[in-house]
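Have a look at the structure below before the remarks.
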Amino acid sequence: METRSEGKWYLVATSSSSEVKVKLNLEQRIKVMGVGDSIFEVLVPDKEEEVETPAGKKKLVKAMIYPGYCMVRMNLDDSTWGIVRNTPGVTGFVGQGKHPVPLTDKEFEKIQSQMGVGSVAPVTYAMFKVGQSVRIVDGPFSDFIGDIEEVNMTKKKLRVKVHIFGRETPVELGFSEVEDV
């Protein structure tokens with residue numbers, strides 16, 4: 001993936017499950033219409049994930065990070081806007097009102113890091129200990145406080161006892177889903 005030296009990245013909404021088809025259609029249109037000097041790159045934000053098949057074997061598959069969207073790096077003007085907007089499978093640009101809004105550097109870097117691209121510093125976690133109180137910062141139990149019952153360093157998971165409806169209930173959480181109280 002190239003840097004942001006030319007053009008800006010725009011998020012484009014696509015028909016359901018047609019992100020890759022839109023990418024191919026748009027790349028073909030760019031070539032046929034000779035607008036490679038204005039529309040530079042089309043990207044489907046995905047990453048490889050390992051999944052287990054019913055037979056117990058593991059295989060790599062592409063998982064969409066933002067299903068129903070692709071990204072286009074381009075110089076936006078009436079011509080390029082029309083080319084992208086009228087590509088089969090494109091339902092519109094993400095933006096305010098009638099005008100597409102480019103992704104900010106921070107948004108672009110976040111998508112890159114989710115794809116495993118870019119120079120993102122590795123995440124380090126504080127050492128968690130059994131009995132330690134933590135606040136849940138993500139998911140359905142967000143803002144609940146609980147005590148750690150078990151720490152699994154290999155899986156980077158915790159089992160946390162949380163009071164729900166007057167009962168202590170164990171909840172399994174990732175290290176990134178909690179913070180020290």
Side-chain angles (χ1 to χ4, degrees), residues 1 3-4 9-23 41-73 89-96 101-181:
M1 182 183 332
T3 60
R4 296 182 65 144
W9 284 103
Y10 293 86
L11 201 56
V12 176
T14 68
S15 302
S16 180
S17 301
S18 61
E19 305 88 354
V20 175
K21 187 189 282 185
V22 165
K23 178 183 188 303
E41 190 174 358
V42 183
L43 178 68
V44 175
D46 62 12
K47 64 180 178 180
E48 284 192 346
E49 287 188 347
E50 188 174 69
V51 295
E52 195 170 314
T53 64
K57 296 185 180 191
K58 294 186 188 239
K59 69 176 189 174
L60 287 177
V61 296
K62 291 275 187 184
M64 297 296 162
I65 296 172
Y66 296 105
Y69 295 93
C70 64
M71 295 171 31
V72 179
R73 185 169 59 88
V90 170
T91 59
F93 280 84
V94 173
Q96 299 173 345
V101 176
L103 295 171
T104 64
D105 288 337
K106 189 174 182 179
E107 291 166 333
F108 178 75
E109 289 166 8
K110 179 181 177 189
I111 292 170
Q112 273 193 310
S113 71
Q114 289 172 327
M115 293 174 65
V117 178
S119 57
V120 178
V123 177
T124 56
Y125 299 101
M127 294 302 293
F128 294 106
K129 297 178 185 163
V130 173
Q132 178 182 354
S133 291
V134 292
R135 176 186 323 279
I136 301 171
V137 295
D138 193 21
F141 301 108
S142 190
D143 292 328
F144 279 67
I145 295 177
D147 296 324
I148 298 174
E149 279 188 326
E150 183 182 315
V151 179
N152 185 331
M153 293 302 288
T154 309
K155 293 183 178 179
K156 294 185 174 38
K157 296 274 186 186
L158 303 169
R159 188 167 63 219
V160 179
K161 238 185 319 184
V162 181
H163 289 279
I164 303 171
F165 302 118
R167 291 187 197 171
E168 287 187 344
T169 305
V171 178
E172 188 173 290
L173 302 163
F175 286 1
S176 63
E177 296 177 281
V178 299
E179 66 182 13
D180 195 21
V181 178

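Positions are given from 1, in the same order as the sequence printed here.
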Compare all side-chain heavy atoms of [X] with those of [Y] and state whether any distance is below 4.5 angstrom.
X    : Y    : result
E168 : H163 : yes
D180 : Q132 : yes
F128 : V134 : yes
M71  : P45  : yes
K129 : V151 : no
M64  : V20  : yes
L103 : Y10  : no
I111 : L43  : no

Run the ring pair (Phe, Tyr, Trp, His ring centres under 6.0 Å) test against Y66 and tell me which residues pass, sequence neighbours left out.
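Y66: no ring pair (Phe, Tyr, Trp, His ring centres under 6.0 Å) contacts found.
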
Roughly how far apart are [X] [atom1] and [Y] [atom2], rounded to 0.5 Å?
X    : Y    : atom1 : atom2 : answer
F108 : L11  : CZ    : CG    : 12.0 Å
I65  : D46  : CD1   : CG    : 6.5 Å
K23  : S18  : NZ    : OG    : 14.0 Å
D105 : K110 : CG    : NZ    : 15.0 Å
Q114 : Q112 : CD    : CD    : 11.0 Å
D143 : D138 : CG    : CG    : 10.5 Å

Tell me whether T14 contacts the main-chain N or O of G68 through its side chain, where contact means a donor paired with an acceptor under 3.5 Å.
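Present.
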
Could you check whether any side-chain N or O of T91 sits under 3.5 Å from a backbone N or O of S15, counting only pairs where one atom can act as donor and the other as acceptor?
no

Lys/Arg N to Asp/Glu carboxylate O, E172 vs R159, below 4.0 Å
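Salt bridge: no.
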
Steps toward side chain to side chain contact (heavy atoms under 4.5 Å, CB included) verdict (V178, L158)
CA-CA 9 Å; V178 299; L158 303 169; 3.5 Å; yes

Testing the basics here: between V44 and C70, what is the closest heavy-atom pair and its distance to 0.1 Å?
CG2-CB, 4.2 Å

With sequence neighbours left out, what residues match V162 under side-chain contact (heavy atoms from CB on, under 4.5 Å)?
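I136, F144, V160, I164, V171.
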
Going through the distances and angles, do V101 and V94 end up as a side chain to side chain contact (heavy atoms under 4.5 Å, CB included)?
CA-CA 7 Å; V101 176; V94 173; over 6 Å; no

